[in-house]
4 protein chains.
Amino acid sequence: MAEGRGNHRNSDKRRRILDAAVSVFAEKGFFQARVSDIARLAGVADGTIYLYFKNKDDLLISIFEEKMKEINVKFRDALACEKDALARFRCLIAMHLAGFQAYPELAAVLQVELRQSSRFMREYKKVELKNYLDLVGEVVRDGQQQGVFRQDLPLSLVKRFIFGTLDEVVSTWVLAGRPYDLETLTEPLMDLFVNGLGVPEVKARLAGMNA
Amino acid sequence: MAEGRGNHRNSDKRRRILDAAVSVFAEKGFFQARVSDIARLAGVADGTIYLYFKNKDDLLISIFEEKMKEINVKFRDALACEKDALARFRCLIAMHLAGFQAYPELAAVLQVELRQSSRFMREYKKVELKNYLDLVGEVVRDGQQQGVFRQDLPLSLVKRFIFGTLDEVVSTWVLAGRPYDLETLTEPLMDLFVNGLGVPEVKARLAGMNA
Amino acid sequence: MAEGRGNHRNSDKRRRILDAAVSVFAEKGFFQARVSDIARLAGVADGTIYLYFKNKDDLLISIFEEKMKEINVKFRDALACEKDALARFRCLIAMHLAGFQAYPELAAVLQVELRQSSRFMREYKKVELKNYLDLVGEVVRDGQQQGVFRQDLPLSLVKRFIFGTLDEVVSTWVLAGRPYDLETLTEPLMDLFVNGLGVPEVKARLAGMNA
Amino acid sequence: MAEGRGNHRNSDKRRRILDAAVSVFAEKGFFQARVSDIARLAGVADGTIYLYFKNKDDLLISIFEEKMKEINVKFRDALACEKDALARFRCLIAMHLAGFQAYPELAAVLQVELRQSSRFMREYKKVELKNYLDLVGEVVRDGQQQGVFRQDLPLSLVKRFIFGTLDEVVSTWVLAGRPYDLETLTEPLMDLFVNGLGVPEVKARLAGMNA
DNA sequence: AATGAATGAGAATTCATTCAT
DNA sequence: AATGAATGAATTCTCATTCAT
């Protein structure tokens, strides 16, 4: 009743449905989530969902699309403030961890649910994810150009090296029930990424072999 | 051989059903796969599947259980032949890549489908995956003891660093339609893991900061 | 009104489904009745049934529960009008016969279908049936207290004697295709119940033996 | 030789299957009994049942047919020894109760399971049951001719009066878990059947009304 | 004759989506 | 715009029956 009528009521309702969908997908998984669960949590009727979204798939796609866009924008803004390549790199890692820390349900959906489902979803995912991977790639390339990262590495591999580690770290944290503070992993991860596993002698030996 | 798991004579049929399930789950995903699809591909009647497996979930669990066991055994056997820590590490990476290369559909199921579904599946997954992560952990610890890897790193993090990267690399390869030869990535990944991203000066700088 | 049992508005639909279930169960028996038969007869979609009833079992239970309740209430109301014990007894018999006469399909379900099925159904049946048997018992006890019925008879046996006869008479009538008017049996049954089979001399002889 | 079906090993197997069917039907009910349950209990393979019986229905029919025949024969033999009408009547009741007492599982099947199922089963039941009801009728008619039972009663009603009561008494006893000795009910039932419920004055009054 | 693995028709139930109100 | 009762297509699983061995 006290709700204002007008055009923002629409987008408020849309927002509520989307947030509810994130929660329900996070808890039950996409296929086991019922549209009526989402409706109940959003406080709307089942049918109302179809005024804002084409179908159930569209809900998942919209989550991905809109949240990913928000994240990309936020990340680019944050990175714009940093000029030093190493600082930019740290910033990226810290934001990735902080982001999932702040929205753990979103984390569950993006990490777990989007890993599945129909072909078209997979295709879709690739496109959107590419933006994020490209961002990682840019930061690394900057580092190479500023001379803080090695230049002899295939960028495509480095992107996955970084993204895969972050991804696995977050997945583990989600599946383990989020038992600790994700952001504390920023420095250890920086160390791992930058220095690698090897001790100096071994690195030299390995470098010699590959040369 | 220590074969005979099942109660049923024709364990060829069991094998055929399991293989068909891997294919169908890989192609459609668990929830969109129909039991009758699996039956048709296996060349048996729908009902026959229920002579060998309790239900559809049991199919997925059995794939995971049996394939993961095979993989773990194979890996441990292979690693037993190597004594040098760096060689063992390379062996692990090479086998991970070669394994998925050889069974790409299995890769899809293990990489994509098992990332989802019901809670109990997630629990289940954790247990079995732990074996693999433990194997990775052992190899790294050996490396630390033999003095080829740094000893100041939290093992839990290193495991995810390696596993996450391999995982992401394989996932990308699967989702991209397996366009190249996975095993060619063995050396570049070794290089990345061991040397990290940084150039010497930066590494020194970073090490100084964290000291 | 003290109506609203269900959560659903259209309680006409609930009624139609229940009536259809009575018909179909009566015709085919519980296990051979298909839910879709009931839906078709009720003029609703299969799924609609599940908006009003938990499952197929629940349909049978609901029939029993609701119809039995109605019957018990109706009987108690009718009996409340009669004070003379013999009149009450006749009233009970007449109503039992008239009731099934009026709802022959209900008779078939209550007489035939509820005699079977799962353990829990049997348990259930016992509880509800007890109310009816208790009613019979009360009427007989009144008769004993008013001195119109013998007082040397175990009530538990008398109840079954009366109920069993009525039950068998109705069952036969149902299974024979309802070829005659049930209510015409009221007086002959009264006679049988009250006077028994024996001629006076035999009664005396038997009484002497048991004394 | 006597059987004419072949060697007695066969008919032993047939017997074992039939006995198993009685047990399983008694425990689970016809529709919820699985043929494989019966096979397991009989110690034969599923398929073997179909060498002796046409199908599952045939098992139930055979139980009824053969057991009912045995009972009818046994009853006629026993009744042949008695000449006094009242003694014959007591004998009938006592045997009915003793029979079910001795074979409680058979009681459950005949009392509960045969009350249901398909039309054709009901038809079938009527035919077979008729023999038993006819037997009851004969005994009563003898009593009427010997002047120990009233002659103004419709025989069809008297049969159901007796059968219904016995039936209900046995059903109750079966469903209650057979808590007491059925045969102890012989005399009380005789009393009820012969003397009825009424006290002499009431009987006179009722007789006057109906005259 | 006996077996029991295999069959596949059949049925209950779910739930995304629609549409009359 | 919002509702939510109604829909009915879709899918898993069961089990009586068959038939190759």
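Labels below follow one simple rule: chain letters A, B, ... track the order of the sequence lines, proteins then strands, and each chain is numbered from 1. As the structure is a computational prediction, the values presented were derived from the model and not from experiment.
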In terms of the nearest nucleotide of DNA chain F, which residue is placed more toward the 5' end: C:G43 or B:T48? C:G43
On DNA chain F, check which nucleotide each of B:D46 and C:I49 is closest to and give me the residue with the more 5' one. C:I49
Measure from NZ or CZ of B:K56 to the centre of the six-membered ring of B:Y50, then state whether that distance is under 6.0 Å and the direction lies within 45° of the axis. no
Rounded to whole angstrom units, what separation is found between the [atom1] atom of [X] and the [atom2] atom of [N]?
| X | N | atom1 | atom2 | result |
| --- | --- | --- | --- | --- |
| A:F31 | E:dA16 | CZ | C1' | 13 Å |
| A:K56 | E:dT14 | NZ | C1' | 11 Å |
| C:D58 | E:dT13 | CG | C1' | 14 Å |
| B:I38 | E:dG8 | CD1 | P | 18 Å |
| B:D37 | F:dT12 | CG | P | 8 Å |
| B:R34 | E:dT14 | CZ | C1' | 17 Å |

Go through F:dC13, E:dG8, F:dT17 for me and flag the one nearest to the B:A45 side chain.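 Selected nucleotide: E:dG8.
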Taking the minimum atom-to-atom distance to the side chain of D:Y50, which one of E:dG4, F:dG4, F:dA16 wins?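 For D:Y50, the side-chain atoms sit closest to F:dA16.
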Does a side-chain N or O from B:Y52 land closer than 4.0 Å to OP1 or OP2 of E:dA6, or not? yes
B:K13 side chain near E:dA6 phosphate (N/O to OP1/OP2, under 4.0 Å): yes
Take A:D37 and A:R40, measure what salt bridge (charged side-chain N to carboxylate O under 4.0 Å, His left out) needs, and give me the verdict at the end. CA-CA 5 Å; A:D37 291 336; A:R40 193 181 324 111; 3.6 Å; yes
Side-chain donor/acceptor of D:S62 to backbone N/O of D:D58, under 3.5 Å: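 Yes, the answer is positive, given that a donor and an acceptor are paired below the 3.5 Å cut-off.
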Side-chain touch A:Y103/A:K67, heavy atoms, less than 4.5 angstrom: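 Contact flag for A:Y103/A:K67 side chains = no.
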Considering Watson-Crick and G-U wobble pairs with both distances under 3.5 Å, what does E:dA20 pair with?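 Result: F:dT3.
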